[in-house]
Participant: 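Quick one: structure below, then a few questions.
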Amino acid sequence: MDVECYSGYTYAQEPRAFIWQGVRHVIKRIWRVWREPCGLYFMVETEGGLLCTLVYDEVQDLWRIEG
């Protein structure tokens, strides 16, 4: 999965859009951000109303989607 994100002082600081199932989804709002042992979690809402969690696995340097 491809994720476009803002990277200021660190990589993957704030996701802005992602491509999932061949469709580009622009993130309208980030509802929650938290860290777990494997990496960063972002609960997001897209402009199209999709509510999901984007996960950045820092060890594998991979993004995945949940929900």
Participant: Looking only at non-hydrogen atoms, find the nearest pair between V26 and A17 and report the distance.
Facilitator: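 Closest pair (atom of V26, atom of A17, distance): CA-CB, 4.0 Å.
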Participant: Is L50 reachable from M1 through a run of I, L, V, M, F, W or Y residues, each pair having side-chain heavy atoms under 4.5 Å apart?
Facilitator: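 Both belong to a single hydrophobic cluster.
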Participant: Looking only at heavy atoms, what is the nearest atom pair of F42 and A12, with distance?
Facilitator: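 Nearest pair, atom of F42 first, then A12: CZ-O, 3.3 Å.
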Participant: Out of curiosity, C38 SG to D57 CG, how far, rounded to the nearest 0.5 Å?
Facilitator: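 Atom-to-atom, C38:SG and D57:CG are 5.0 Å apart.
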Participant: If I take atom OG1 from residue T10 and atom CG from residue L40, how far apart are they, to the nearest 0.5 angstrom?
Facilitator: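 So the OG1 of T10 and the CG of L40 are separated by 7.5 Å.
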Participant: Quick one: name the residues clustered hydrophobically with W31, using the 4.5 Å side-chain heavy-atom rule over I, L, V, M, F, W, Y, and just say none if it's on its own.
Facilitator: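 Besides W31, the cluster holds W34, Y41, M43, L51, V55.
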Participant: Does V33 share a hydrophobic cluster with W63, counting links as ILVMFWY side-chain heavy atoms below 4.5 Å and allowing steps through other members?
Facilitator: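 Yes.
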Participant: How many angstroms lie between CZ in F18 and CG in D2, if you round to the nearest 0.5 Å?
Facilitator: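 If we round to the nearest 0.5 Å, F18:CZ and D2:CG are 11.5 Å apart.
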Participant: Can you name the residues that form a side-chain hydrogen bond (donor to acceptor under 3.5 Å, both in side chains) with Q60, not counting sequence neighbours?
Facilitator: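 Partners of Q60 by the side-chain hydrogen bond (donor to acceptor under 3.5 Å, both in side chains) criterion come out as none, since no residue qualifies.
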Participant: What is the distance from atom CD of E45 to atom CD1 of I30, rounded to the nearest 0.5 Å?
Facilitator: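 With rounding to 0.5 Å, CD (E45) is 11.5 Å from CD1 (I30).
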Participant: For Y9, which residues count as a side chain to side chain contact (heavy atoms under 4.5 Å, CB included) partner, sequence neighbours excluded?
Facilitator: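 Q13.
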Participant: Strictly by side-chain hydrogen bond (donor to acceptor under 3.5 Å, both in side chains), give each pair with a member in residues 15-25 just once, sequence neighbours left out.
Facilitator: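 Every pair satisfying side-chain hydrogen bond (donor to acceptor under 3.5 Å, both in side chains) with a residue in residues 15-25: E4-R24, E14-R16.
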Participant: Find out if a path of hydrophobic residues (ILVMFWY) with successive side-chain heavy-atom gaps under 4.5 Å connects I65 to L62.
Facilitator: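 Looking at the clustering, L62 is in a separate group from I65.
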Participant: Regarding D61 and Y56, do their side chains bring together a donor and an acceptor under 3.5 Å, going by distance alone?
Facilitator: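 Judged by distance alone, the side chains do pair up.
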Participant: From T46 OG1 over to I27 CD1, what is the distance, rounded to the nearest 0.5 angstrom?
Facilitator: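 Here the rounded value is 8.5 Å.
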Participant: Other than V23, what residues sit in its cluster of Ile, Leu, Val, Met, Phe, Trp and Tyr side chains whose heavy atoms are under 4.5 Å apart, directly or through others?
Facilitator: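 Under the 4.5 Å side-chain rule, V23 groups with nothing.
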Participant: Strictly by salt bridge (charged side-chain N to carboxylate O under 4.0 Å, His left out), give each pair with a member in residues 29-42 just once, sequence neighbours left out.
Facilitator: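 Matches after skipping sequence neighbours: R35-E58.
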